[in-house]
Amino acid sequence: MKVLVVGSGGREHAICWKLAQSPRVTQLFCAPGNGGIAQTAQCVDVKAADVDGMVRWAKEHAMDFVVVAPDDPLALGMVDALEAAGIPAFGPRKNAAVIEASKAFSKELMKKYHIPTARYETFTDLDQALAYIEAQGAPIVVKADGLALGKGVVVAATVDEARTAAREMMADKKFGASGSTVVIEECMTGPEVTVLAFADGERVCAMPASQDHKRAYDGNRGPNTGGMGAISPPPQYTPEIAARCMDEIFLPTIRALKAEGRPFHGVIYFGLMLTPEGPKVVEYNARFGDPECQAVLSLLDSDLMDIFTACREGKLDSVDIRWRDQAACCLVLASGGYPLDYKKGCPISGLEEVGRSAMVFHAGTRLDESGGYLTNGGRVLGVTALGDTLEQAIGRAYAAAKPIAFTDMHFRRDIGRAF
Ligand code: AMP
Ligand code: GLY
């Protein structure tokens with residue numbers, strides 16, 4: 001099969017790495033890809049969100065299957081467009097991807113189907129939003145409705161902070177049109193975990209749970225990022241909690257989407273908070289998380305191509321999905337200054353000294369003329385290791401990252417130990 005993966009981050013590198021192991025995949029392409037992905041797949045110069053360009057390229061080059069990994073092309077309906085052109089595609093259609101693209105939609109869905117989540121109200125009028133904040137008091141959470149690169153959420157400790165956030169989103173349009181609708185919700189407490197699950201429209205198969213580290217600095221301080229590291233599985237996610245999540249959250253969500261005429265085929269991301277009252281949904285995403293994907297796929301012992309095909313065809317019950325009985329840790333090496341301003345184009349050294357005890361998934365890298373790697377983004381590399389225990393996996397990831405260096409390299413020292 002000729003397979004194209006859409007995207008250019010560490011997540012897409014992990015997907016390519018795993019697909020390349022499938023005997024069914026004879027040729028692998030990635031659009032646009034990155035320096036590291038180029039070692040596994042042929043990189044194609046089409047932007048991830050260019051729906052027409054991607055369909056055209058996939059048709060011209062007779063792709064047998066396309067995997068759409070990032071949120072933007074999913075929200076834009078790339079899967080619908082590919083399928084309409086006769087190209088089988090993995091990922092939810094636009095009407096199901098809306099669970100990530102619109103927080104107002106996903107909150108409404110959870111309310112209607114009694115799926116546990118924070119209490120909330122939706123506003124399009126600033127004065128009403130301000131009055132609600134006043135009445136509820138703090139702490140309180142203010143969210144822009146649309147996709148805002150993970151930055152449209154303010155967990156406000158005071159009423160003043162919440163009022164400022166609402167004003168910035170609704171009046172000053174800090175996140176553009178994403179902020180014309182805001183969701184204001186109850187502040188939940190407890191450890192956060194991610195559960196990624198394969199879904200075939202009707203069935204759902206949870207992968208081992210994982211945990212992201214969203215803040216830039218140690219001790220969960222500093223600005224929110226795309227994710228500075230991930231572990232799998234997190235110790236807080238016990239088998240009892242997993243069973244409860246399946247009954248109260250995962251199955252009800254997949255059934256709800258089906259009942260609404262929006263069957264979800266793809267990977268669904270459950271962002272959960274394990275609150276004192278039980279697990280509740282913080283957010284849904286319509287795709288693998290990054291860097292959770294790198295940690296979780298490292299544990300997969302089955303053919304990913306078989307699983308992707310089964311999800312698309314509604315036959316998840318026909319595949320045997322096995323996981324290693326191990327733990328994984330993905331440590332992100334980022335550019336100094338990320339998530340704000342950072343340099344690009346810095347030479348990366350030491351990659352050849354990383355032993356076979358870890359996988360290095362590339363995120364923001366590109367190849368230079370002499371075959372070396374240069375930094376090309378905020379998150380640069382995800383050093384991923386397995387272990388028989390979580391401690392061992394964490395130790396191996398940090399040890400493997402030791403020889404790697406580039407100007408102003410920054411990473412957290414407490415991945416797997418911050419919660
Ligand atoms: P989201 O983009 O919805 O995942 O929110 C980003 C982060 O904000 C989450 O990972 C949580 O840490 C935090 N957050 C979002 N909603 C809530 C809430 N209702 N209560 C407490 N923290 C929240
Ligand atoms: N790591 C969080 C996300 O991918 O949304």
Side-chain angles (χ1 to χ4, degrees), residues 7 9-12 14-15 69-72 74-75 97 99-107 110 116-122 133 136 138-157 161-162 165 169 175 178-179 182-196 209-216 220-232 234 267-277 279-297 330 332 334 339 361 363 378-379 382 412 415 418-419:
R11 166 181 58 202
E12 286 75 16
I15 293 171
D71 51 347
D72 284 335
L74 290 168
I99 57 157
E100 170 167 10
S102 167
K103 291 191 192 291
F105 172 85
S106 62
K107 294 299 286 191
M110 287 186 265
T117 187
R119 275 193 316 279
Y120 76 102
E121 290 292 335
T122 302
I133 290 168
Q136 295 293 311
I140 193 158
V141 181
V142 183
K143 301 185 175 185
D145 178 48
L147 298 173
L149 293 172
K151 291 170 194 122
V153 175
V154 175
V155 181
E161 210 183 309
M169 288 176 199
F175 301 106
S178 286
V182 300
V183 171
I184 301 182
E185 61 178 46
E186 163 202 8
C187 188
M188 303 184 285
T189 54
E192 270 185 85
V193 300
T194 301
V195 178
L196 303 171
S210 54
Q211 195 161 45
D212 189 11
H213 297 63
K214 287 200 168 118
R215 302 297 193 105
N220 297 325
R221 288 191 311 269
N224 259 321
T225 68
M228 294 297 294
I231 53 150
S232 175
V267 169
I268 182 164
Y269 174 122
F270 297 95
L272 306 173
M273 200 167 270
L274 309 181
T275 78
E277 301 102 65
K280 295 188 184 180
V281 177
V282 179
E283 63 164 344
Y284 292 124
N285 291 325
R287 52 173 175 81
F288 278 109
D290 184 338
E292 291 99 322
C293 176
Q294 293 88 309
V296 172
L297 282 190
C330 172
V332 171
F361 295 117
R379 292 189 290 177
R412 278 182 60 164
I415 300 303
F419 299 97

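Start at 1 and go down the list; that is how both ligands and their atoms are numbered.
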Give the table of side-chain donor-acceptor pairs shorter than 3.5 Å for residues 186-196, with sequence neighbours excluded, one pair per line with atom names and distance.
unit_1: Glu186; atom_1: OE1; unit_2: Arg119; atom_2: N; d: 2.8
unit_1: Thr194; atom_1: OG1; unit_2: Tyr269; atom_2: OH; d: 3.4
unit_1: Thr194; atom_1: OG1; unit_2: Glu292; atom_2: OE2; d: 2.9

Original post:
Would you say Gly289 touches ligand 2, if touching means a heavy atom closer than 4.0 Å?
Top reply: yes

Original post:
Can you list the ligand 1 atoms lying under 4.0 Å from a non-hydrogen atom of Lys143?
Top reply: 3 (O), 15 (C), 16 (N)

Subject >> Part of Phe288 within contact of ligand 2 (heavy atoms, under 4.0 Å) >> reply: neither

Original post:
So which of Arg287, Glu283, Glu292 gets nearest to atom 5 (O) of ligand 2, if we judge by its closest heavy atom?
Top reply: Arg287

Original post:
Does the His213 side chain pair with the main chain of Gly229, one donor and one acceptor, at a distance under 3.5 Å?
Top reply: yes

Subject >> Any N/O pair Asp290/ligand 2 closer than 3.5 Å >> reply: yes

Subject >> Non-hydrogen atom of Cys187 closer than 4.0 Å to ligand 1 >> reply: yes

**OP:** Please step through side chain to side chain contact (heavy atoms under 4.5 Å, CB included) for the pair Arg287 and Arg11, ending with a clear verdict.
**Re:** CA-CA 10 Å; Arg287 52 173 175 81; Arg11 166 181 58 202; 3.3 Å; yes

**OP:** For Tyr284, check ring pair (Phe, Tyr, Trp, His ring centres under 6.0 Å) against everything at least two apart and list the hits.
**Re:** Phe270

Subject >> ligand 2 atoms in contact with Asn285 (distance to a heavy atom under 4.0 Å) >> reply: 5 (O)

Original post:
Counting from 1, what ligand 2 atoms have a heavy atom of Gly226 closer than 4.0 Å?
Top reply: 1 (N), 2 (C)

**OP:** Under 4.0 Å from a heavy atom of Asp212: give me the atoms of ligand 2 that qualify, with their elements.
**Re:** 1 (N), 2 (C)

Original post:
Does the pair Glu283/Lys214 count as a salt bridge with the N-to-O cut at 4.0 Å?
Top reply: yes

Original post:
Rounded to the nearest 0.5 Å, what separation is found between the CD1 atom of Ile99 and the CG atom of Asn285?
Top reply: 7.5 Å

